[in-house]
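Because the structure is predicted, anything quoted here is derived from the model rather than measured. What you see below is based on every heavy atom in this structure, not just the backbone, and it leaves out hydrogens, waters and symmetry mates. Residues: numbered from 1 along the sequence shown.
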Amino acid sequence: MSKFIDTIKHAIIEEDPDPKSSTPSSQAHSEIKGQSTVASPESVLASPGSASYHSLGEGSEQVYKRIFAKTDFQATPVAAVIHKYLDPLSVIPAMDERTKFKTAVVQARAQEGLTEEKILATFDGLKVALQNEQESFSDTAEATKEQEITNRQKKVQEITDTIAAKQREISQLQQRLSQMSTDLVEAQGKIQRAESQFAIAAQRRAVEIDQEKAKYVSLLQGQG
């Protein structure tokens, strides 16, 4: 776009060639030869997309097209005025493109007050529009990050914290279970030992009672 601005500026401020110094055909040949490496104003006006020098991916290309649509010089009133006077000159084959452009600008200046400053100011306005698009996108991107990323990060962290708390709780429950299992084994051991000790003591006492009974049986029989 800056190349286009320079080309337009050069076309606007360039002095009109002296008609006596050369014939229209030789003048046109000289103009065209001098522009072999520079895009002409008319060709740039006719195909603004041709100024793109970067190969974009499909997604980037779609974004570029949306941005381009909002910063398209061809969609401005100034471009419409230029084309109003430039397009009819396309039927004049003897007139080179730069001369056509300059003629159209001169006519537009005389008929509608179009000046170099207004043309170039339009591009400045497009840069402002582009800057506004960038700022708008940045704001939208930040809001999207807040909604789509930051909020999700918070939820992920909350769930992570909940899992960690549950894991700590599970660890504590496992420790309690281990202790209760130990206590259970010890309790079972105590009961088993008590039962065994009681059985031994009861058996011993039963034998003693039987022995003592036998003694008394003997004494009683002897008395009789």
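Atom CD of Gln188 sits about 11.5 Å away from atom CZ of Arg193, to the nearest 0.5 Å. Here the CG-CD distance, from Leu120 to Glu116, works out to 5.0 Å after rounding to the nearest 0.5 Å. Atom CZ of residue Arg176 and atom CD of residue Glu169 lie 9.5 Å apart, to the nearest 0.5 angstrom. Of the inter-residue distances, the one linking Arg66 atom CZ with Gln62 atom CD reads 6.5 Å to the nearest 0.5 angstrom. In this structure, NZ on Lys65 lies 11.0 Å from CZ on Phe68, to the nearest 0.5 angstrom. In this structure, Lys102 NZ and Leu86 CG are separated by 13.5 Å, a value rounded to the nearest 0.5 Å.
With hydrogens and angles disregarded, a donor-acceptor distance shorter than 3.5 Å links the side chain of Thr182 to the backbone of Ser178. Checking side-chain atoms of Ser196 against main-chain N and O of Gln192 turns up no donor-acceptor pair under 3.5 Å. Looking only at distances, no side-chain donor or acceptor of Ser171 sits under 3.5 Å from a matching main-chain atom of Gln167. A donor-acceptor pair under 3.5 Å is formed between the side chain of Thr162 and the backbone N or O of Glu158.
Side chains of Gln134 and Gln131 form a contact here, defined as non-hydrogen atoms less than 4.5 Å apart. Here the side chains of Leu126 and Thr76 are in contact, with some heavy-atom distance below 4.5 Å. In this structure, Thr99 and Thr103 have side chains that are in contact, with non-hydrogen atoms separated by less than 4.5 Å. Counting heavy atoms from C-beta outward, Val128 and Phe123 have side chains that stay 4.5 Å or more apart. Counting heavy atoms from C-beta outward, Arg98 and Phe101 have side chains that stay 4.5 Å or more apart. Within the 4.5 Å cutoff, no side-chain heavy atoms of Ile119 are placed close to those of Thr115.
Look at Glu112 and Lys84 and you find a salt bridge, because one of the NZ, NE, NH1 or NH2 atoms lies within 4.0 Å of a carboxylate O, short of that distance. Salt bridge present: Arg204 and Glu208 bring a charged side-chain N and a carboxylate O closer than 4.0 Å.
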Checklist line | Step-by-step side chain to side chain contact (heavy atoms under 4.5 Å, CB included) determination, Ile159 to Ile163 | finding: CA-CA 6 Å; Ile159 294 174; Ile163 292 174; 3.9 Å; yes
- [ ] Report the C-alpha separation of Ser90 and Asp87 in whole Å, then their side-chain angles, then the decisive distance to 0.1 Å, and conclude whether the side-chain hydrogen bond (donor to acceptor under 3.5 Å, both in side chains) test is met.
- [x] CA-CA 6 Å; Ser90 61; Asp87 293 346; over 6 Å; no
I would like to know whether Gln211 and Lys215 meet side chain to side chain contact (heavy atoms under 4.5 Å, CB included); could you show each step before the answer?
CA-CA 6 Å; Gln211 289 175 348; Lys215 177 181 178 181; over 6 Å; no
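The two residues Lys70 and Ala129 have their closest heavy-atom pair at O-CB, 4.2 Å. Taking each heavy atom of Ala104 and Ile82 in turn, the nearest pair found is CB-O, 4.1 Å. Scanning both residues, Leu114 and Lys118, for their nearest heavy atoms gives CD1-CB, 4.1 Å. Pairing each heavy atom of Val81 with each of Ala108, the nearest pair is CG1-CB, 3.8 Å. Contact between Pro88 and His83 at its shortest, heavy atoms only, is CD-O, 3.9 Å.
Residues Leu130 and Val78 are members of separate hydrophobic clusters, defined by side-chain heavy-atom contacts under 4.5 angstrom among Ile, Leu, Val, Met, Phe, Trp and Tyr. Met95 and Val91 end up in the same hydrophobic cluster when Ile, Leu, Val, Met, Phe, Trp and Tyr side chains are linked at under 4.5 Å.
Residue pairs meeting the side-chain hydrogen bond (donor to acceptor under 3.5 Å, both in side chains) criterion with at least one member in residues 138-149, sequence neighbours excluded, are Glu148-Arg152.
With sequence neighbours left out, Asp210 forms a side chain to side chain donor-acceptor pair (under 3.5 Å) with no residue at all.
In Gln203, the CD atom is not crowded: 12 or fewer heavy atoms of neighbouring residues, nucleotides or ligands sit closer than 6.0 Å.
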